[in-house]
Structures are given as C-alpha cells and as structure tokens.
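So that the names make sense, note that chain A is the first sequence line, chain B the second, and so on, each numbered from 1.
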Amino acid sequence: MVIQNEKQCSADLEGLDPQEVKNDLINKYPPKVARKRSKQIVINKIEKDQPVPKIQANVRTIPGIITQRGCTYAGCKGVVLGPTRDILNLTHGPIGCGFYSWLTRRNQTRPVGPDAHNFMPYCFSTDMQDREIVFGGEKKLKQAIEEAYNIFKPKAIGIFSTCPVGLIGDDVHAVAREMGKKLGINIFGFSCEGYKGVSQSAGHHIANNGIFANVVGLDDNVKEGKFKINLLGEYNIGGDAFAIEDLLEECGFTLISTFSGNSSYDYFANSHTADLNLIMCHRSINYVAEMMEKKFGIPWMKINFLGADSTAKSLRKIAAYYDDQELIDKVEEVIAREMPAVLKAQEDVRSRCEGKLAMIFVGGSRAHHYQDIFKEIGMRVISAGYEFAHRDDYEGREVLPTIKIDADSRNIEELEIHADSKRFNPRNSEEDLKRLAEKGIEMETYNGMMSDMSDGSMVIDDISQFETEKMIELYKPDIFCAGIKEKYSVQKNGVPMKQLHSYDNGGPYAVFKGAINFYYEVDRMVNSKVWGYIKAPWQKNPELSARYACE
Amino acid sequence: MLLRHTPLKIQDRKALSVNPAKTCQPIGAMYAALGIHGCLPHSHGSQGCCAYHRSTLTRHYKEPIMSGTSSFTEGASVFGGQANLLQAINNIFTIYEPDLIAVHTTCLSETIGDDVLQITRKARDDGKIPEGKHVIHASTPSYVGSHVTGFANMTKAMVNYFAESTGKKKNQINLIPGYVEPPDMEEIRRLAELMNLSTVMFPDTSGVLNGPQTGRYRMFPPGGVTIPELISTGDSMGTIAMGEYASGDAARVLDTKCKVPCKILDLPIGLQATDRYIDALRKQAGTEVPAQINFERGQLLDIITDMQAWFYGKKVALAGDPDQMIALSEFLVAIDMWPVYVVTGTPGKIFEKRINEITKNSPYPVKVKAGGDLFLLHQWIKNESVDLLIANTYGKYMARDSDIPFIRYGFPILDRIGHSYFPSVGYRGGMRLLEKILDAILDRKDRDSPEESFELVM
C-alpha cells in the first residue's frame with residue numbers, strides 16, 4: 001500500500017525522494033502493519049521556529065516483524081542495575097533470564113580494593129522449576145536469599161522478577177521485606193516481568209523507581225569537595241565512565257555517584273547530597289533526576305560526553321552553571337589542552353572518511369549522541385532512530401504534556417514524590433534561576449534528536465529487520481550502527497556494522513580521548529581492506545583469455 | 001580476583017543457582033529450528049526471550065540469527081497470546097516469506113497455557129498460512145530441563161509434524177546429530193557418505209550458521225534439511241541418533257510413528273565413540289569400512305601414540321552439556337587423562353551413572369553432578385586443583401583466578417572462533433581436540449619452565 005504524502009518534503013536524500021523511500025519501507029507490509037509503521041517512520045523537517053514533525057514511539061511492537069527490542073527485565077536488571085557491583089542481583093525465575101544477562105553488556109567496574117564486594121562476574125538465580133510454577137516460588141526465593149546471604153554476605157540484595165513470577169502471583173516485595181528484616185540487610189524487589197511494557201524502557205522506569213525508593217537518601221553524610229555532581233545514565237560500557245570520571249576530577253568536580261556505571265550501593269545511598277544531576281542517557285534515567293528534584297531539590301541538566309565538541313560544550317555548560325571563575329578557567333585549560341590532539345586526529349581521519357554515510361539505530365540516547373562524533377569527522381548521518389525511546393527523546397521534552405498515556409505505560413507505576421520535610425533544599429533561588437535563564441543555560445530540558453538532524457533525513461522508530469535491509473539496499477551506507485542482533489546481517493551485505501550498545505570490543509569513546517578512539521574505529525571499519533576482497537578475481541574478470549604456453 | 005567471593009567451604013544449596021552450566025529450553029529449540037532449510041524460528045512469549053536467544057546465538061556463531069517474537073505485553077499475558085501469534089504468522093509469511101515457521105513456547109506462554117497447536121490450526125483455517133507453507137511447534141517451558149531439552153523437543157517436533165511412512169522403504173538412513181556445531185554435523189554426514197550411505201540429517205545447521213561472506217545477505221541460506229527430506233525420514237531404513245539427551249526422543253518417536261528402527265549412540269567424540277559410530281554405519285551399509293576412514297583413525301591414534309607423555313595422568317575438570325561430557329570423558333580416559341570433576345547444568349539421572357562408569361578405574365576420587373553449576377565446580381577446583389579445565393567461555397573466569405590451562409568447549413563460546421568451522425567429532429575432530437589439549441598443556445609448560453629446562457623439542 002502507498003501512504004500518501006502527509007507533508008510534502010522538498011529535500012532529496014542522497015538522490016532519492018524520501019517519500020518514495022518510505023513507501024518502499026512499508027509497501028510489503030499487510031495494510032494494518034503499514035499504517036502503524038508509517039507513523040513511526042518520519043521524514044524530518046527542519047523549519048525555523050517550527051516544531052519537528054511528530055513521530056509515534058514507545059508503542060507496542062508488531063508481532064512477527066523481527067524487532068531489535070528486548071523486554072522489561074532486560075531494561076531493569078540488564079541495563080540500569082546490572083552495572084552496580086555490590087548489590088547481589090538475584091533473578092527470580094527460570095534460568096535463562098539470569099544466564100543471558102550475565103556479563104554480556106561489557107559494563108566495567110573497579111572495586112576499591114581486593115576485598116571489596118564485586119558480584120558482577122556472578123549470576124544468581126532461583127532457577128525456577130515446574131513445581132514452583134504450580135505451587136508458587138516464594139518459598140524457594142526466601143531460601144535462595146538466605147543461602148545467598150550466608151555465602152556472600154552482601155549489604156543489599158535486589159530481586160528481579162521474570163515473566164512467570166507475575167503470572168503465578170509471587171509477591172517479591174513481601175518476600176524482600178520479610179527477609180530484609182530477618183537478615184538485617186537492605187533487600188528490595190523489582191516487578192520487572194518481561195511482558196510489563198513494550199520494550200526495555202519500562203524496565204528502566206521500574207529500576208529508577210526501585211533504586212530511588214529503596215536506596216537513594218539512606219546515607220546523609222556530606223562528602224568533602226566542591227561542585228558536587230551525580231552523573232546519571234552512564235553505564236561504563238567499554239570504560240566510558242572511567243574516562244568521564246578522570247575528566248571531571250581533573251576539572252575540579254566532585255563526583256558523588258554515577259547511575260550506574262562503575263557504581264556502588266553506597267554512592268546511590270548518598271547521591272541526594274549532590275548539587276546537580278547531569279544526564280547522559282535521558283531515556284533510561286530521567287525518572288531518577290525528576291524524583292531527586294522533587295524530593296531533594298536537586299536540579300538537572302542534559303549533557304553529552306560523546307564527541308569532543310559536545311564534551312567541551314557540556315563542560316562549559318556545567319562550569320557556567322556554577323559560575324565560579326576558578327572552575328571556568330580550569331575547564332578552559334583542560335579543553336585547550338585536549339583539543340589539539342583531537343583536531344589532529346579529526347583532520348587525519350577526515351581525509352579518509354569525509355562525506356561518507358552513516359545510519360544509527362540504537363537506544364535510548366546514543367542514536368542522538370553518536371551523530372555528534374560522526375559530524376566531527378565529516379560523516380553524514382542520513383537516517384537514525386531509537387530502539388525503545390519515547391517521543392520526548394525524538395522531539396524534545398516540550399511534547400511531554402501532549403504524549404498520550406496508553407494502557408502499556410499506565411502499567412508502570414509512577415511514584416508520587418513529595419518534597420522531603422527535612423532534606424528538601426532547592427539548590428537555586430528564584431534569582432539564580434533567572435540568572436541561569438539569562439545566560440542561556442537550559443535546565444531540565446532536552447531538545448531531542450530530531451532538531452539536530454538534517455531536513456529530509458529519515459527517522460525510524462523501532463526499526464524492523466525488513467526496514468534495516470531495505471535502507472541498506474537503497475542507500476548503501478558506509479557504516480551502520482546498531483546492536484549484536486543486527487550486526488552480521490548488515491556485514492554480510494558488505495557494510496561494516498558498529499555495535500553502539502556494547503561497542504563490540506572497543507571503547508572508551510567518551511570525552512576527548514574516547515572521541516579520538518571512535519574516529520579511528522570508524523576509520524578502520526569503513527576503510528578496511530576486507531571489503532575489497534568480497535569478489536574473487538575470477539568473479540571480477542570471468543573471461544577465460546589466458547592460455548598455458550604449452551598449448 | 002574476578003570470582004573473589006567463591007569460598008573454599010562448600011555449603012549445601014537447595015534454592016540458589018550460581019553461575020549456571022545450562023540455559024533455558026527455547027534457545028535450544030531456536031538453534032534446532034535454524035537447521036531446517038527456509039525456516040524462521042518464532043518465539044511465543046515476550047520480546048526479551050527472543051532478543052536474548054538471538055543475541056547469545058549471534059555472539060556464539062558471529063552469524064545473523066533471525067527469529068520472530070509474539071511480543072507479549074500485559075494484555076496478551078492476561079487474555080492469552082492467540083491474537084499475537086496469528087498476527088505474527090501472517091506478518092512473517094507476508095514480509096519474510098519463509099517455507100515454514102517453527103514456533104517454540106516460553107515460560108510465559110506455557111504458564112498461561114496457550115494451546116499453540118490450536119492456534120496454528122486456526123491460522124490455517126483463517127488462510128494465514130499460504131499454500132505449501134508450514135507452521136510447526138514445540139512446547140519448550142523454560143522451567144523444565146535445559147537448552148538441551150529444548151533442542152530435543154524441537155527435533156522431536158520435526159518428526160511429529162513431518163515424518164511419514166508411505167509403506168515403501170527408501171534406501172537411506174536418518175542421522176540425528178545431536179546438539180552439536182555446524183561443522184560437526186557436516187563431519188557426521190561426511191563419514192556416513194564415505195560409507196556409501198544416503199542420508200537425511202536433521203537438524204542440519206551446516207551452511208546456515210557458518211555461512212560465507214558474499215556481500216549479499218540471505219535470510220534463508222542454502223543449508224538445512226528440507227521439508228521433503230523430513231517427510232521422507234519415515235521411509236528410511238534406519239535411524240542413527242547421537243546423544244541420548246538431545247536426540248533420543250526424536251529417534252524413538254520416529255520408530256514408534258513410522259517403524260524406523262533406531263540406534264542411539266553417544267556423540268562420536270574421540271576414538272571409541274567414533275569407532276562405535278563407524279561400526280553402526282558399517283552394519284547399516286553392509287559394506288567394509290573404506291581406507292580413508294581407517295587412515296583418519298590411524299592418524300588420530302598416531303597423535304595419541306606420539307604425545308602420550310603429555311596426556312598421561314593429567315587431571316581434568318569439565319563442564320558442559322551431558323551428551324558432550326559423556327563422550328569427552330570417555331575420550332580423556334582413553335588417552336590416560338583423568339576427568340576428576342564433571343558438571344552439567346542439565347538435570348537427568350543417567351548422566352552421573354555414565355560418568356561414574358567411564359571413570360570407574362580412576363586413581364582419583366571423581367566428583368560428578370547433573371544439575372550442578374560452575375560455582376560448585378570452581379569450589380571443587382579451589383579445594384584440589386586440576387591440570388586442565390574444559391568449559392564454555394564462562395570457564396575463563398575460573399581459569400584465570402585459579403591459573404589453570406583452559407580449553408573453550410561447548411556452548412556458548414563468546415570470545416574465540418573455530419567452533420563454527422572445525423569439527424570436534426569423528427577422528428578428525430578428535431585430532432583437533434588433541435591439538436587443543438596439547439596447546440594448552442604445552443603453552444603452560446613453556447610459560448612455567450625455568451630457563452635451563454625450557455625445551456625446544458617437545
């Protein structure tokens with residue numbers, strides 16, 4: 001079926017009419033599927049003082065379409081809480097869920113000493129059997145908690161529910177309360193059954209709620225140090241958080257906690273003592289930022305440490321927020337020191353990558369953040385989309401009031417947060433806020449990905465395997481960025497594929513040094529000799545002209 | 001230390017599983033289904049199952065793994081997944097055009113009691129399944145057995161759905177290769193063909209999960225057993241099934257359903273198990289064993305003769321799938337090594353009995369556990385170390401902490417290649433295993449030898 005042009009678009013995309021491309025993407029679908037997908041495939045339109053086009057996002061995936069998306073458990077246990085080393089993460093369910101989320105995301109962590117807790121190399125599960133499905137699993141869960149406590153002596157245990165747990169009615173929260181009391185440690189449950197939402201995103205929200213309700217604010221000790229910040233939505237894949245930590249420390253910031261790369265339970269417990277929350281991955285962690293603001297009065301700002309320019313911009317924004325000359329000078333000094341190497345690398349890599357095409361379909365936030373790095377080496381991102389983001393990540397937070405809450409979102413509890421009677425302390429006065437606004441420092445905003453993309457580029461939410469293959473066929477991009485499931489079908493088509501969830505085996509890519517790593521990674525992939533070997537010599541020149549001399 | 005919390009003291013655990021040596025049924029079913037030509041596996045459950053299985057298989061094979069999912073949300077979990085599966089079947093046939101869809105269930109759809117057979121019948125009645133196309137299914141609850149069980153169930157489903165007896169026997173035999181790698185399947189068939197036997201092998205992932213780089217992706221590559229071949233298994237002269245855990249059920253069902261007599265062997269790993277496989281082929285074919293096979297056997301034997309000194313008396317810890325562990329233990333004993341700790345995550349009674357039989361002359365006490373985990377294995381190792389560890393990639397954490405030579409073997413292998421291309425079954429596979437064992441042991445000796453006894457010739 002052909003979807004008629006809803007908004008005439010003038011820009012050609014690489015010589016193709018985007019509207020025709022869109023039709024190509026959905027023509028083969030059954031009519032109902034095509035109608036639904038057409039709302040999630042949008043031709044970007046950039047007009048002065050006009051909002052970007054509306055995109056449908058965070059809606060159910062169409063069964064059978066072959067999606068990138070995973071489940072609520074993956075978002076909760078795998079993404080948000082997996083990177084914390086000293087909470088014993090116990091999966092309550094059959095063995096698979098725990099097994100698949102065991103060390104597969106490349107979250108790095110550095111325990112503070114040889115005796116400090118680090119449970120990340122372990123997988124803990126109740127390995128639920130059919131008898132528990134029939135008679136209930138609470139007894140086994142309690143027993144497993146007791147055994148885990150006896151062997152590992154953790155300070156906290158998180159219980160993660162898998163699909164059958166909700167169906168058979170195990171009350172993990174009651175078990176958590178009972179066992180916490182009995183063992184004298186903090187035990188909390190997450191109702192993150194895989195079916196709870198339409199993607200991992202629901203799991204992020206559930207994880208945010210749980211960690212906020214059960215851990216944040218438990219330790220009121222105020223750490224020494226100036227410019228106290230939390231870094232939210234940074235998971236230390238490939239060592240990104242290490243690189244960021246070093247940079248922030250050098251500039252003179254005091255990092256109270258990271259949610260949740262290289263993190264510890266104690267940092268979360270103390271995180272409400274920070275002055276400012278910095279958000280990397282808006283999608284997965286904005287809930288914690290909002291709740292901290294309401295309860296403790298901590299403001300937040302969106303930053304991005306992927307890309308050298310974005311890093312410099314973010315550092316300046318934070319320094320300007322604090323309005324401290326010493327800090328501003330230090331930040332400028334660090335930027336001035338780092339940039340020459342960055343510019344040199346850019347120039348070198350540009351000579352081989354300039355003008356090449358990229359597509360990015362991941363996340364959360366990375367489909368947005370990584371566009372900055374590609375721009376720095378002269379590459380063009382002609383199409384991008386998120387796997388599990390919401391409209392605000394595409395169009396900006398100003399659309400939040402217009403987002404309809406559907407039945408799937410309503411399933412996810414929205415915690416009612418009130419200002420803490422003792423500890424609520426708004427970090428900025430009315431005057432401060434006025435001053436920040438005058439200086440153009442945007443607080444509590446995120447403008448989304450689309451306003452940073454070019455007119456006519458294709459924005460595709462929850463891209464399917466079919467659409468992935470079609471986009472590759474039509475545009476033959478020089479590099480495609482997605483996740484492990486997409487990797488090899490793309491590469492079999494002769495297009496290099498960079499994983500932007502796990503970074504393959506690379507990283508760090510954050511801040512200045514990481515950006516340089518990424519430039520050279522793209523350079524290596526795009527310009528690899530291997531792509532020239534695909535046709536054998538006899539396939540390139542099939543004619544049989546040579547003769548042996550003896551004939 | 002990476003596994004810094006693993007204590008020497010072994011406490012009894014009844015409810016807590018730590019560092020599992022198994023995963024769940026559906027992934028095995030998905031792998032088996034990929035061994036049918038033109039098949040798209042389909043996961044009837046929530047999205048995460050499918051995403052996790054695809055990711056793990058992709059990391060293991062470094063190949064595209066495609067599968068549909070019914071994308072259950074809370075509504076489907078309450079009202080049943082019929083609407084989702086019907087929609088999925090329609091979408092998959094319209095968009096991706098496979099020859100068949102192989103549906104496996106999950107803990108979610110099993111717990112709510114979805115009747116997949118009834119749903120696929122409805123799909124057929126509603127005209128959602130195009131003429132000449134098929135939907136098959138296997139029930140694979142994650143809370144029973146392991147990934148090996150799932151593989152066995154999907155293989156059995158191939159028989160249930162397709163095998164037909166026309167009453168006229170065909171001059172061919174069925175090979176059920178077990179939950180082994182694509183090159184293992186290739187090798188199992190090559191040996192049968194060397195014996196001049198016509199074969200139908202199912203499932204057959206060779207050519208599917210070790211495909212070439214051609215510059216053109218094909219969702220349904222040339223490999224895999226075809227549907228006409230599966231139908232014809234009911235007319236075969238006999239079935240040779242390898243691995244009781246992965247292949248036993250399918251072989252027996254084929255016998256019951258179509259009266260095709262079956263012989264269930266161990267996986268042909270190492271000398272004696274391959275001998276038994278060749279002997280079974282010989283009896284089936286009624287011919288002599290060709291010179292080529294005797295030659296390969298002789299080569300394997302030659303390595304054992306030449307390198308005996310390095311194998312003799314070495315203690316080995318093993319973790320993996322039961323069929324593999326049984327055959328591999330027998331091979332290790334045959335070359336004078338001693339499996340002292342053997343763990344599989346898959347439950348089942350015969351395992352411990354078989355391992356105890358195989359190691360009954362061991363000079364060391366042997367610890368064996370079905371339904372065990374890597375945590376327990378590591379505790380055993382910490383109490384009394386070994387000379388070699390053989391396990392999947394997760395074994396490398398133990399190997400590093402306890403400084404033991406390590407061979408990656410089994411599923412999943414996430415950090416090395418080779419398993420997709422080179423077999424570990426048959427005599428040639430045995431040679432490859434010996435090469436790996438020797439590399440590990442001799443590299444360690446080279447590393448640890450004092451300078452004066454660092455040897456050029458070994």
Tell me whether the centres of the aromatic rings in [X] and [Y] are closer together than 6.0 Å.
{"X": "B:His53", "Y": "A:Tyr100", "result": "yes"}
{"X": "A:Trp102", "Y": "A:Tyr122", "result": "no"}
{"X": "A:Phe466", "Y": "A:Tyr29", "result": "yes"}
{"X": "A:Phe119", "Y": "B:His5", "result": "yes"}
{"X": "B:Phe220", "Y": "B:Tyr96", "result": "no"}

* Does any donor atom in the side chain of A:Tyr73 or A:Thr91 lie under 3.5 Å from an acceptor atom in the other side chain? -> yes
Give the interface residues of [range] toward chain A, defined by a heavy-atom separation under 4.5 Å.
{"range": "residues 79-92 of chain B", "value": "B:Asn84, B:Gln87, B:Ala88, B:Asn90, B:Asn91, B:Ile92"}
{"range": "residues 139-148 of chain B", "value": "B:Ser142, B:Tyr143, B:Val144"}
{"range": "residues 69-76 of chain B", "value": "B:Thr69, B:Ser70, B:Ser71, B:Phe72, B:Thr73, B:Glu74"}

When only pairs under 4.5 Å are counted, which of [options] shares the most heavy-atom pairs with chain A?
{"options": "B:Val18, B:Thr23, B:Thr94", "answer": "B:Thr23"}
{"options": "B:Leu2, B:Leu40, B:Val78, B:Leu414", "answer": "B:Leu2"}
{"options": "B:Cys107, B:Pro412, B:Gly215", "answer": "B:Gly215"}
{"options": "B:Arg218, B:Arg216, B:His42, B:Lys62", "answer": "B:Lys62"}
{"options": "B:Met1, B:Lys9, B:Lys22, B:Met219", "answer": "B:Lys22"}
{"options": "B:Tyr397, B:Phe93, B:Tyr61, B:Tyr394", "answer": "B:Tyr394"}

* To do: Side chain from CB out, backbone as N, CA, C, O: work out which of these in B:Asp12 comes under 4.5 Å of a heavy atom of chain A, or both, or neither.
  => backbone
Given heavy-atom pairs under 4.5 angstrom as the criterion, report whether the side chain, backbone, both or neither of [X] touches chain B.
{"X": "A:Ile133", "answer": "side chain"}
{"X": "A:Cys123", "answer": "both"}
{"X": "A:Pro121", "answer": "both"}
{"X": "A:Thr162", "answer": "neither"}
{"X": "A:Glu146", "answer": "neither"}
{"X": "A:Leu141", "answer": "neither"}
{"X": "A:Asp130", "answer": "both"}
{"X": "A:Arg69", "answer": "both"}

* **CG (B:Leu8) with more than 12 external heavy atoms under 6.0 Å** => yes
* To do: Verify the neighbour count for atom NZ of A:Lys140: are there more than 12 heavy atoms of other residues, nucleotides or ligands below 6.0 Å?
  => yes
* Asked: A:Glu193 side chain to A:Gly166 main-chain N or O, any donor-acceptor pair under 3.5 Å?
  -> yes
* To do: Considering only NZ, NE, NH1 and NH2 on the basic side and carboxylate oxygens on the acidic side, decide whether A:Lys492 and B:Glu63 come within less than 4.0 Å.
  => yes
* State plainly whether the residues A:Asp406 and A:Arg60 are in salt-bridge range, i.e. N to O under 4.0 Å. => no
* To do: Mind ranking A:Thr72, A:Leu103, A:Ile472 by heavy-atom pairs under 4.5 Å with chain B and telling me who comes out on top?
  => A:Leu103
* Structure fact -> Greatest number of non-hydrogen atom pairs under 4.5 angstrom with chain B, of A:Asp115, A:Asp127, A:Leu167, falls to A:Leu167
* Asked: What residues form a salt bridge (charged side-chain N to carboxylate O under 4.0 Å, His left out) with A:Arg106, not counting sequence neighbours?
  -> none
* Asked: So which of B:Val116, B:Asp114, B:Thr111, B:Asn153 actually passes side-chain contact (heavy atoms from CB on, under 4.5 Å) with B:Thr105?
  -> B:Val116
* Row check, A:Tyr533 ring normal vs A:Lys529 NZ/CZ: under 6.0 Å, within 45° -> no
* Any B:Leu209 side-chain heavy atom under 4.5 Å of B:Tyr31 side chain -> yes
